[in-house]
Number of protein chains: 2
Amino acid sequence: MKAANKHSKIIHAATKVFAKKGFFNARISDIAKEAKVADGTIYLYFNNKFDILISVFEEEIGALIEQVKKLLDSEDDPREMLAVFAKNHLSVMKKNKHLAEVIQIELRQSAKLIKDYRNNKFSEYVDIISTIIKLGQEQSIYRASIRPGIAKRAFFGALDEISRVWTVGISTEYSVEEATQQVLEIFLCGILEPDASLH
Amino acid sequence: MKAANKHSKIIHAATKVFAKKGFFNARISDIAKEAKVADGTIYLYFNNKFDILISVFEEEIGALIEQVKKLLDSEDDPREMLAVFAKNHLSVMKKNKHLAEVIQIELRQSAKLIKDYRNNKFSEYVDIISTIIKLGQEQSIYRASIRPGIAKRAFFGALDEISRVWTVGISTEYSVEEATQQVLEIFLCGILEPDASLH
DNA sequence: ATATAGTGAATGGCTATTCATTCATTGTAT
DNA sequence: ATACAATGAATGAATAGCCATTCACTATAT
């Protein structure tokens with residue numbers, strides 16, 4: 001088996017094991033077993049346990065970025081673009097629970113340990129949202145009073161928290177489609193009745 | 001020194017240490033040192049390390065619930081109530097970084113380990129949001145199409161993600177006041193230009 | 001004097017990492 | 001075509017260090 005193949009086998013195994021047990025409870029031997037390699041083999045591809053975690057982020061989130069950017073290429077309405085982002089994010093998280101858990105738990109856990117927090121794949125992913133918002137503002141579709149740097153966090157945070165119930169294992173209270181629709185309704189139109197000010 | 005006093009001394013020390021190092025990197029001896037007690041003393045008040053973490057949630061979030069409920073008592077406009085919740089949450093998180101980090105990281109970390117996820121203080125806290133939304137719907141101030149169970153997560157997720165930058169140590173891009181105002185603008189009115197549909 | 005609270009060194013279990021060895025593949029000489 | 005050598009990927013048992021928990025002992029209060 002050639003190197004590249006084994007590298008990604010370990011990455012996928014690690015994603016699965018980290019999601020199931022968490023970084024600190026995951027044993028190297030668990031990952032090795034899952035990847036069907038020897039414990040020592042892992043150290044031919046990674047420097048240490050933490051290095052595996054970082055690589056999981058880089059590769060898994062990198063793939064997510066590629067995917068959503070491709071989808072966004074064929075859209076030009078900023079409203080639709082936000083919808084595409086939300087739909088994609090929630091459906092990926094619903095399908096790939098391992099990735100969802102790693103993002104939700106381990107990414108935050110390790111944020112403290114990563115020095116250059118802004119210079120990583122995760123930030124790149126979230127910045128897609130602010131780019132869309134800025135685009136919408138240039139076209140006067142989104143309000144100029146909205147600060148893209150704050151709104152991107154609000155939007156991502158909403159999606160992330162909503163998808164969290166799926167990883168914790170609470171019985172599904174709502175579908176991906178409904179969750180997507182609700183988040184978009186809230187962000188685009190807010191939750192006020194249009195004539196609420198009359199009351 | 002009497003029992004109750006020492007118990008809370010350990011809780012506060014643990015909050016500080018968990019925030020700084022994370023649950024798994026925190027040593028019992030760190031907590032003991034911070035609380036100025038012997039390692040063994042901790043086991044007079046808690047069963048084990050994980051029990052300390054659970055107690056931290058229960059007590060710290062419990063206090064947060066009391067505080068925000070008291071503030072909400074003197075409001076009756078659901079719009080204002082949501083504002084009070086956001087303002088309180090963000091200002092507490094900005095001030096009490098230790099609590100913020102414990103909520104953001106360890107809560108998620110431990111969610112996997114806690115069996116009955118819905119029956120805890122954290123859920124009680126987030127449910128305050130859905131209660132406010134339902135109230136607003138009864139008064140026809142909030143749209144009936146909004147699902148409180150989804151909106152509560154979106155709202156909390158937004159606040160949580162926004163406050164995360166303060167704990168990670170990124171230089172402050174925005175103030176508590178501005179963040180609060182932006183979240184409320186987004187949730188109440190959305191981000192669309194009022195006349196965006198004309199474009 | 002007894003009970004209760006507190007102490008902190010010692011224990012024991014756990015696991016990341018190492019490294020001497022094996023194995024499979026490729027190259028070279030005859 | 002065959003034998004032998006060289007390479008480096010892969011292995012997994014052994015090491016070494018960490019740290020939660022315990023417990024025999026001390027201090028304090030009544």
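Lettering of chains follows the sequences in order, A, B, ..., and the numbering in each one begins at 1.
Spacing between atom OH of B:Tyr45 and atom C1' of C:dT7 amounts to 12 Å, rounded to whole angstrom units. With rounding to whole Å, B:Phe23 atom CZ is found 10 Å from D:dA20 atom C1'. In this structure, A:Asp30 places its CG atom 16 Å from C1' of C:dT17, rounding to the nearest Å. Between A:Phe24 atom CZ and D:dC18 atom P the separation is 15 Å, expressed in whole Å. Atoms CG (B:Leu44) and P (C:dG8) sit 13 Å apart, rounded to a whole Å. Here C:dT15 presents its P atom at 14 Å from CD1 of A:Ile42, a figure rounded to the nearest Å. Protein atom CG of A:Asp51 is 14 Å distant from nucleotide atom C1' of C:dT17, rounded to whole Å. Atom NZ in B:Lys33 sits about 12 Å away from atom P in C:dG8, given to the nearest Å.
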Could you run down the sub-3.5 Å N/O contacts of the protein with nucleotides 21-24 of chain D?
from   : atom 1 : to      : atom 2 : distance (Å)
D:dT21 : OP2    : B:Tyr43 : OH     : 2.7
D:dT21 : OP2    : B:Lys49 : N      : 2.9
D:dT21 : O5'    : B:Tyr43 : OH     : 3.4

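Each of B:Ile31, B:Asp30, B:Asn25 was compared with B:Arg27 under the side chain to side chain contact (heavy atoms under 4.5 Å, CB included) criterion, and only B:Asp30 meets it.
Environment of NZ in B:Lys152: crowded, with over 12 heavy atoms of neighbouring residues, nucleotides or ligands closer than 6.0 Å.
B:Phe155 and B:Phe85 have tilted rings, their planes meeting at an angle from 30° to 60° on a 0 to 90° scale.
Annotation: side chain to side chain contact (heavy atoms under 4.5 Å, CB included) contacts of A:Lys33 (sequence neighbours excluded): none.
A cation-pi contact, defined as under 6.0 Å to the ring centre and within 45° of the axis, links A:Lys49 to A:Phe23.
Here the side chain of B:Ala38 is nearest to one of D:dT11, C:dT7, C:dG6, namely C:dT7.
At the phosphate of C:dA5, neither OP1 nor OP2 sits under 4.0 Å from any side-chain N or O atom of B:Lys6.
Listed by first then second residue, pairs satisfying side chain to side chain donor-acceptor pair (under 3.5 Å) with a partner in residues 80-93 of chain B read B:His89-B:Tyr125, not counting sequence neighbours.
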